[in-house]
Amino acid sequence: MSAPLLINTIQESVAYASEAAQHEGVLQLDTMPEIQVERPGNSEHGDFATNLPLRLSRATRINPLELAQAIAKHISPNDVIDHVEAAPPGFINFYLKQSWLQKQVDVIRQSGSKFGDVDTGQGRKVMVEFVSVNPTGPVHVGHTRGAVLGSALANVLEAAGFEVTREYYVNDAGNQMQMFYKSVLARYQQELGQEAEIPENGYMGEYITELAKDILNVEGDRFLKMAEEQALLEIGDIGREKIVSTIKDDLSSIGVEFDNWFSERSLFSSGEYEETIDFLREKDYLSERDGALWFNSVMLGDDKDNVIVKTSGESTYFASDIVYHRNKLIKRKFESVVDIWGADHQGHVPRMKSAVEALGIDRDRLTVLICQMVTLRRGQDVMRVSKRGGNLITLREVADEVGIDACRYSFLAKAPSTQMEFDLEMVKKESNENPVFYVQYAHARNASIIELARERGIDWSNGDISLLTHPSELDLIRALLRLPELVDEMATILEPHHLPHYATELANNFHNFYENCRVVSSNESDTAITAARLKLVEAALIVFRRTLTLMGMTVPNRM
RNA sequence: GCCCCGGUAGCUCAGUGGAUAGAGCAUCUGUCUUCUAAACAGAGGGUCGUGGGUUCGAAUCCCACCUGGGGCACCA
């Protein structure tokens, strides 16, 4: 449990004050609109502000500024709030007490690594399913965006008090896998000098040949001697396992880890597939037509129906996905599920939501976040990321070239809905100059101050925080205090991309403080302020570490 | 043709109903005898794709159009 957010407390005080104004007869309302409290962009407008009077002015036909005054007078200063002001055209601005801000330095120090935790989720179970690239090849740059987004979102949800499971759905069944198996076998046979061809729509990538060579080295030519069907089965298993472990390693190398790797095939062996189809059939959501089995999603408002079982008797990917979502939402009782998909799956969203509804589940328990495409560039050259053809630019290649922190930061800083340009040159440059290192450098500077203080044997445990009165000090404290609020907000709207922007602002505030406020001073008369500032530095260190960790970035003490 | 997502500073992007539209890069000007100059302070740079509309108030909401990407399979 963590303390209620200040922003919510202020919201409540506005609610009380407007009620008081109603009792007074100043304003009369049937319904009170939602009270919005925000952080004003301009610091002259205080620490928090509400636009409630502006929003009420039409219904009440009262001048918004007068309304602001009428409400504001019912908000009295306390330990936290220094004063409130009605400001034109009709805002109520809140100014925090300096003594309260100062006290938060000790609060942060006491919270330690828990600072930033909030109770938005109240222990609710949520799954974030992401990446889930078919185990037919390595993870490429396009997938990296979803990987970074998903892992950061999971971190944020965890900090916000959700019980989070990070899952990778392994599509180890179906047609694409057969193609993959055949491709591997063909390359293997070719390595042994046999006439063999990659099937039409098979996998042409160079990595298949490498894979075949590896298998040959370890397993010898034994697959040549067995019946084709058996060879396909055995070599396929080995190939798939190798690909999955490559995917696992590559993702792990950029700090993306999963709690669970869920096999599509397990949905069939467990009997859940049959159960689900039977259920949908009973509910009349299925119909047979043209020799195939259809899901009647038009009934639920979609553009068209979708095939569940093909004429050939094979089930479709969509069928497995329905079963999988039933598994997540019913069998495993996740209260909500977030799926992160690429833009090429965008058309799949409405039918998936309909399927969830058909299963008798509130469709809002499933949220699908769509990541737009990534264009990879090197300066002027646009690099094509082709899927089956060949030249994949893999996650590993990009991570090796630009570094994992720059890679994560660059992907994370953009909202998933934007089609982004990933310019290798630019990202490398950014990692050397800004803003990735800008943030890490702030942390490193922080750390070196503490180190110096320790070397000099300074004891700051009794530092007097009321000495922290410089504007740079107070602004830094304000910035530190925004983290819990941000975690709450990001967890609610599922947008971790605010994290890098916050980190940059935080670093800006820190560098400013560093410039203006000497911490470790050799001057005897400065012992008191040094101790106080060391407490602030310690608090800042905590917040930087937490912020970088939420982003999945490294936290260097020295640069 | 229909559906989804974009178009904000020279470039890459934040900002989705409020107070003078922001950051980084790039350009220009200052600042290192003192905890890391990978930094700080400052300057220039904007018809927020276009045109209508709603509103006290629009980059943000609605409509139309222009433009870029993605999707409209018994593929995944």
Side-chain angles (χ1 to χ4, degrees), chain A residues 36 38 40-42 44-45 49-51 54-55 57-58 63-64 87-91 93 132-134 136 171 174-177 179 201 289-294 303-304 306-318 320-321 342-350 370-373 375 377 387 410 413-423 426-427 429-442 444-453 455-456 497-498 500-501 504-505 507-508 510-523 530 533-534 537 558-559:
Chain A
Q36 299 173 344
E38 57 174 25
N42 186 336
E44 283 169 25
H45 297 140
T50 182
N51 59 6
L54 284 161
R55 290 158 60 86
S57 74
R58 184 143 61 116
N63 175 306
F91 291 98
N93 295 335
S132 302
V133 177
N134 280 359
T136 55
N171 289 106
N175 216 355
Q176 291 306 313
M177 284 318 289
M179 283 297 171
N201 298 323
R289 210 184 312 147
D290 309 325
L293 187 64
W294 296 73
D303 294 346
K304 57 182 182 63
N306 299 96
V307 171
I308 295 274
V309 182
K310 299 184 243 178
T311 322
S312 65
E314 293 172 293
S315 64
T316 60
Y317 153 94
F318 179 47
S320 303
D321 236 12
D344 52 343
H345 287 65
Q346 151 268 119
H348 185 58
V349 178
I370 295 295
C371 267
Q372 292 300 319
M373 297 287 157
T375 312
R377 280 194 340 197
K387 209 161 182 184
S410 301
K414 280 112 193 167
S417 62
T418 59
Q419 300 142 216
M420 65 174 284
E421 302 252 329
F422 195 92
D423 184 339
M426 172 92 91
V427 174
K429 200 171 173 184
E430 279 188 352
S431 66
N432 284 326
E433 289 163 21
N434 271 298
V436 181
F437 281 13
Y438 182 78
V439 176
Q440 291 180 321
Y441 182 56
R445 270 183 151 182
N446 243 315
S448 72
I449 294 173
I450 295 289
E451 199 182 282
L452 180 69
E455 275 171 21
R456 301 225 180 141
H497 72 267
H498 300 288
H501 300 281
T504 309
E505 273 186 48
N508 186 9
F510 172 77
H511 287 307
N512 190 281
F513 158 77
Y514 184 93
E515 201 72 20
N516 294 322
C517 304
R518 175 80 201 179
V519 180
V520 181
S521 167
S522 7
N523 196 329
T530 289
R533 284 179 175 162
L534 280 167
V537 168
R558 226 176 248 281
M559 285 172 72

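Every chain is numbered from 1, with letters handed out A, B, ... down the list of sequences. Worth knowing before you read on, the calculation uses all heavy atoms, side chains too, and leaves out hydrogens, waters and symmetry mates.
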Distance, [atom1] atom - from [M] to [N], rounded to whole angstrom:
N	M	atom1	result
rU55(B)	rU16(B)	C1'	16 Å
rU67(B)	rA26(B)	P	35 Å
rG70(B)	rC13(B)	P	16 Å
rG46(B)	rC4(B)	C1'	29 Å
rG44(B)	rG10(B)	P	15 Å
rA9(B)	rG45(B)	C1'	6 Å
rA21(B)	rA59(B)	C1'	8 Å
rC74(B)	rC66(B)	P	31 Å

Begin from the C-alpha positions of Asn508(A) and Asn512(A) and carry the test side chain to side chain donor-acceptor pair (under 3.5 Å) through to its verdict. CA-CA 6 Å; Asn508(A) 186 9; Asn512(A) 190 281; 5.3 Å; no
In whole angstroms, how far is the [atom2] atom of [N] from the [atom1] atom of [X]?
X	N	atom1	atom2	answer
Glu38(A)	rU16(B)	CD	C1'	13 Å
Asp344(A)	rA73(B)	CG	P	15 Å
Phe513(A)	rC35(B)	CZ	P	14 Å
Met559(A)	rA39(B)	CE	P	9 Å
Ile449(A)	rU34(B)	CD1	P	15 Å
Glu505(A)	rC40(B)	CD	P	13 Å
Asn42(A)	rU20(B)	CG	P	9 Å
Tyr514(A)	rC35(B)	OH	P	6 Å

I want to confirm an ordering. Mapping Pro88(A) and Arg558(A) to their closest nucleotides on RNA chain B, which one lands closer to the 5' end?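 Whichever sits nearer the 5' end wins; that is Pro88(A).
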If each of Ser521(A) and Gly174(A) is mapped to the nucleotide of RNA chain B with the nearest heavy atom, which maps nearer the 5' terminus, i.e. the 5' end?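 Nearest-nucleotide comparison on RNA chain B picks Ser521(A).
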Run the salt bridge (charged side-chain N to carboxylate O under 4.0 Å, His left out) test against [X] and tell me which residues pass, sequence neighbours left out.
X	result
Glu451(A)	Arg558(A)
Glu515(A)	none
Asp321(A)	none

[N] phosphate, OP1 or OP2, under 4.0 Å from [X] side-chain N/O:
X	N	value
Thr316(A)	rC74(B)	no
Tyr438(A)	rC40(B)	yes
His497(A)	rG15(B)	yes
Lys310(A)	rC75(B)	yes
Asn175(A)	rA76(B)	no

Looking at the side chain of [X], which of [options] is the nearest nucleotide?
X	options	result
Tyr441(A)	rC11(B), rC74(B), rU36(B)	rU36(B)
Arg518(A)	rG69(B), rC35(B), rA73(B)	rC35(B)
Gln176(A)	rG70(B), rU20(B), rA76(B)	rA76(B)
Ser448(A)	rA76(B), rU36(B), rA14(B)	rU36(B)
Arg445(A)	rA39(B), rG70(B), rA41(B)	rA39(B)

Would the base of rA73(B) count as contacting Asn306(A) through its side chain, where contact means a donor and an acceptor less than 3.5 Å apart?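 Per atom types, no contact qualifies.
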Tell me whether the rings of Phe318(A) and His348(A) are parallel (<30°), tilted (30 to 60°) or perpendicular (>60°).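 Because their plane-to-plane angle is over 60°, the rings of Phe318(A) and His348(A) count as perpendicular.
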Should the ring pair His501(A) and His497(A) be called parallel, tilted or perpendicular, given that the plane angle runs from 0 to 90° and is split at 30 and 60?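 Perpendicular: the ring planes of His501(A) and His497(A) meet at over 60°.
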Under 3.5 Å donor-acceptor, [X] side chain and [Y] backbone:
X	Y	result
Thr50(A)	Gln36(A)	yes
Thr418(A)	Met420(A)	no
Trp294(A)	Arg289(A)	yes
Thr316(A)	Val307(A)	yes
Thr530(A)	Val519(A)	yes
Asn42(A)	Glu44(A)	yes

Nucleotide N/O to protein N/O under 3.5 Å, stretch nucleotides 3-5 of chain B:
{"from": "rC5(B)", "atom 1": "O2'", "to": "Ser417(A)", "atom 2": "O", "distance (Å)": "2.3"}
{"from": "rC5(B)", "atom 1": "O2", "to": "Gln419(A)", "atom 2": "OE1", "distance (Å)": "3.1"}

Name the nucleic acid region contacted by [X], choosing base, sugar-phosphate or nothing; use a 4.0 angstrom heavy-atom cut-off, strictly under.
X	answer
Asp290(A)	base
His348(A)	nothing
Asn523(A)	nothing
Ala415(A)	sugar-phosphate
Cys517(A)	base

Return the nucleotide paired to rG1(B): Watson-Crick means purine N1 to pyrimidine N3 with N6-O4 or O6-N4, wobble means G-U with N1-O2 and O6-N3, both under 3.5 Å.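 Paired with rC72(B).
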Base paired to rG18(B) (Watson-Crick or G-U; both N/O distances under 3.5 angstrom):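 rC56(B) is the nucleotide pairing with rG18(B).
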Per-pair stack call Phe91(A) and rA19(B), 5.5 Å, 30°: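 Base of rA19(B): stacked against Phe91(A).
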Verify stack between His45(A) ring and rA19(B) base, 5.5 Å, 30 degrees: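 Yes, His45(A) stacks on the base of rA19(B).
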By side chain to side chain donor-acceptor pair (under 3.5 Å), which residues pair with Thr311(A), not counting sequence neighbours?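 Once residues adjacent in sequence are excluded, Thr311(A) has no partner under the side chain to side chain donor-acceptor pair (under 3.5 Å) criterion.
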Which glycosidic conformation, syn or anti, is assigned to rC56(B) if syn requires a torsion within 90° of zero?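 That one's anti.
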What's touching nucleotides 54-59 of chain B from the protein side, N or O pairs under 3.5 Å?
none

